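This is a predicted model, so every value here is computed, not measured. By convention in this document, chain letters (A, B, ...) are assigned in the order of the sequence lines, proteins followed by strands, and residues within each chain are numbered from 1.
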2 protein chains.
Amino acid sequence: MARNKDMNQKIKDERREQILSKALMFYAKKGLSATKITDIASALSISQGLIYHYYRSKEEIFTELIGTAFERMNEACRWLESQPMTAKEKIAFAIQELLKLLEKDEDAARYHLLIAQAAASEAIPGEAKAIIEKENTFSYEVIARIITDGQKDGSFKNYDAKELALVFWTSINGLAIYKAVHGEKFKAPDAAILTSMFFQE
Amino acid sequence: MARNKDMNQKIKDERREQILSKALMFYAKKGLSATKITDIASALSISQGLIYHYYRSKEEIFTELIGTAFERMNEACRWLESQPMTAKEKIAFAIQELLKLLEKDEDAARYHLLIAQAAASEAIPGEAKAIIEKENTFSYEVIARIITDGQKDGSFKNYDAKELALVFWTSINGLAIYKAVHGEKFKAPDAAILTSMFFQE
DNA sequence: GTCTATATCCAGATAGAC
DNA sequence: GTCTATCTGGATATAGAC
């Protein structure tokens, strides 16, 4: 009995995962409003009606993905900030890891794109907008704080820390979008190019 | 008689302009597939049917905008390359101008966003895709050439010129997207932050 | 849990009157 | 040139069978 229940639960969880994963792919590729429920269903070789067994609407799927995207991103930021590294090491590490992620982790690039897209577009569900409004500043603040630290110890250039944080993230986002376009062919640029915006020579 | 003809032509041209302009706004804001013909029509206080007097479809409007976007961009690139400046001056000038444009010229930022969007999305008309495929490399090549020149005279850092050009444009695109989100509140970062990726100290 | 209808709705596009 | 119908298609979402 319990056996069956567990099995069913597992199947259910797996389906949700599959749906989320495929939806992420399509949203990143075509945007929310251009992806049809059918796209997701047929890519999974399941009936279109079945999607509605798991989610109320494609907006709900989108919102869940946005939530996950920020969870991961903010968790990574918290982790980074708490590491026993110098400011310079933190930023160097972050850029290196982000570039590596963009190059090798398809989903990571997609999540980035999703956030960029969602933030840029007004055609997204209100709930998702709310998440973005609430969460989107955190990663900027973390980077700005690290930069400020680095300026205190003289290892960073003395431009406005907020502007530097802005350029930090918009550069990464720009690359994420480029990657989304060119897919496999994308090769991340040398991390040193980006770090040279921040570090004192 | 000729008078009337001219008048009519003028009205027609003006309408086309209005439609293009509003369409650009909505496409930048919500993307192609999420903007409805009704959005454009009602923003112009004209009937929805009238749009079809001027354009076959919203895809056609989109494609025309993409064409214009590249025309302007490539024209600017050609102009830049032909100027009697050093490589360093050219890049410094380009970054300065682009940032100024992003900050002050709403339409310029929108055109940027449109290209980024169109390039990133598979949900765009085939004709527009073709334009992008054909035109999108030009601006990258121009910047790469200028950078190569600058490396020869020792004023530029010696990273791979193609990678530098990539970072050049993706950084600008990232900022354009950020601007699209935050609208009026956006203040462009100090141009020197970006130039420091390219110039030898 | 999954599928096959089916209902509903909305946006794209057309036709014809003014 | 512009508007008001209207047609049409496609996509969302639901209902009911297996």
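- Residue Glu201(A) qualifies as enclosed at atom CD: its count of foreign heavy atoms under 6.0 Å is above 12.
- Following rounding to the nearest Å, Ile40(B) (CD1) and dA13(C) (P) show an atom-to-atom distance of 11 Å.
- Straight-line distance from the NZ atom of Lys30(B) to the P atom of dA11(C): 9 Å, rounded to whole Å.
- Between Lys58(A) and dT12(D), a side-chain N or O to OP1/OP2 separation shorter than 4.0 Å is present.
- The separation between Lys12(A) atom NZ and dG1(C) atom P is 5 Å, rounded to whole Å.
- In terms of position on DNA chain D, the residue among Ser57(A) and Ser45(B) whose nearest nucleotide sits closer to the 5' end is Ser45(B).
- Remark: Tyr52(B) is in phosphate contact with dA13(C), judged by side-chain N or O atoms under 4.0 Å from OP1 or OP2.
- Between Asp39(B) atom CG and dC10(C) atom C1' there is a gap of 13 Å when expressed in whole angstrom units.
- Rounded to an integer number of Å, the gap from Phe62(B) CZ to dG12(C) P is 15 Å.
- Contacts of Thr35(B) with the nucleic acid, taken as non-hydrogen atoms under 4.0 Å apart, involve only primed sugar atoms and P, OP1 or OP2.
- In this structure, Tyr27(B) and Phe62(B) have perpendicular ring planes: the angle between them is above 60°, well past the 30° mark.
- Residue Gln18(B) contributes atom CD, which lies 13 Å from atom P of dG1(D) at whole-angstrom precision.
- The residue Ile37(A) sits close only to the backbone: its heavy atoms come under 4.0 Å of sugar-phosphate atoms, none of a base.
- As rounded to whole Å, 7 Å separates atom C1' of dG12(C) from atom CD of Gln48(B).
- Nearest nucleotide to the side chain of Leu50(B), out of dC3(D), dG12(C), dC3(C): dC3(D).
- The NE2-C1' distance, from His53(A) to dG16(D), rounds to 14 Å in whole Å.
- Backbone-only contact: Tyr54(A) has heavy atoms under 4.0 Å from sugar-phosphate atoms and none from a base.
- Between Tyr140(A) and Tyr178(B), the angle of the ring planes lies from 30° to 60°, which puts this pair in the tilted group.
- In this structure, NZ in Lys90(A) is found 10.0 Å from CD1 in Ile143(A), a value given to the nearest 0.5 Å.
- Along DNA chain C, the nucleotide closest to Arg15(A) and the one closest to Glu59(B) are compared, and the more 5′ of them pairs with Arg15(A).
- Here the side chain of Lys179(B) pairs a donor or acceptor atom with the backbone of Leu102(B) at under 3.5 angstrom.
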